[in-house]
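These notes concern the structure reproduced below.
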Amino acid sequence: MQVACLAGSTAEGRIYLFAVQEIIYCGRDGRRGFFKTEQGEFFSAFTLEKLAARLKPFGFFRSHRCYLVNLDWVEGIVKISRGTYDLLLRDREKSRIPLSREHARELRHMLLRDRFKF
């Protein structure tokens, strides 16, 4: 059995390997990508665009220009205002990740294909 992994580093330069399923979401800080796990945030050697390309086959969804979310960690969708939503995640911090209007349409179509509505 092959397990997909991603390496992440800390500010101190320590490098860790994580199974893709452990990654809750990815983001970008300037040009540098990072990802969040239950163990904390880790820098990635990849940009967010490269992370998106690598992680899409594993159920990751681009929710915003600055965020990529593992759909397995999504607990719900919270309406902020007309056409504005956040994704509520199942991590300890109950993180909320923005869902842009453009990406909300895409997610809605994905969910409707699977007979879910929001």
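Note that these values count all heavy atoms, side chains included, but never hydrogens, waters or copies made by symmetry.
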Table please: side-chain donor-acceptor pairs of residues 50-62 below 3.5 Å, with sequence neighbours left out.
from	atom 1	to	atom 2	distance (Å)
R62	NE	H64	O	3.1
R62	NH2	E49	OE2	3.4
R62	NH2	R65	O	2.7

Exercise for review: State which residues pass side chain to side chain donor-acceptor pair (under 3.5 Å) with S44; sequence neighbours excluded, sorted by chain then number.
Suggested key: none

Practice item. Quick one: closest heavy-atom pair of N70 and Q21, and the distance? Key: ND2-O, 3.8 Å

Point to revise | Residues that T84 engages under side chain to side chain donor-acceptor pair (under 3.5 Å), provided they are two or more places apart | key: S81

Check your understanding: Yes or no on side chain to side chain contact (heavy atoms under 4.5 Å, CB included) for I77 and L87, after CA distance, side-chain angles and deciding distance?
Key -> CA-CA 5 Å; I77 300 168; L87 295 175; 3.8 Å; yes

**Study point:** Cluster companions of I15 among Ile, Leu, Val, Met, Phe, Trp, Tyr (side-chain spacing under 4.5 Å)
**Key:** none

**Study point:** Spacing of W73 atom CH2 and Y25 atom OH [to the nearest 0.5 Å]
**Key:** 11.5 Å

Study note, to complete from the structure: In short, side chain to side chain donor-acceptor pair (under 3.5 Å) pairs touching residues 29-43 with sequence neighbours left out are K36-E93, T37-Q39, E38-R92

Check your understanding: For Y16, what residues pass the ring-ring contact (aromatic ring centres under 6.0 Å, His included) criterion, not counting sequence neighbours?
Key -> F42

Review point. With sequence neighbours left out, which residue pairs that include part of residues 6-23 fulfil the salt bridge (Lys or Arg N to Asp or Glu O under 4.0 Å) condition?
Key: none

Check your understanding: When clusters are formed from ILVMFWY side-chain contacts under 4.5 Å, directly or step by step, what else is grouped with I80?
Key -> V78, L88

Point to revise | salt bridge (Lys or Arg N to Asp or Glu O under 4.0 Å) contacts in which one or both residues fall within residues 70-80, not counting sequence neighbours | key: E75-K94

Check your understanding: Which atom pair, heavy atoms only, marks the closest approach of P98 to S63?
Key -> O-OG, 3.1 Å

Check your understanding: Which pair of non-hydrogen atoms, one from V69 and one from I97, has the smallest distance, and what is that distance?
Key -> CG2-CG2, 3.7 Å

Check your understanding: What is the minimum heavy-atom distance between L48 and C26, and which atoms define it?
Key -> CD1-CB, 3.9 Å

Revision key, fill the gap. Heavy-atom closest pair (G8 atom, F35 atom, distance to 0.1 Å) is CA-CZ, 3.6 Å

Review point. With hydrophobic residues grouped by side-chain heavy-atom distances under 4.5 Å, do L68 and F43 end up in a single group?
Key: no

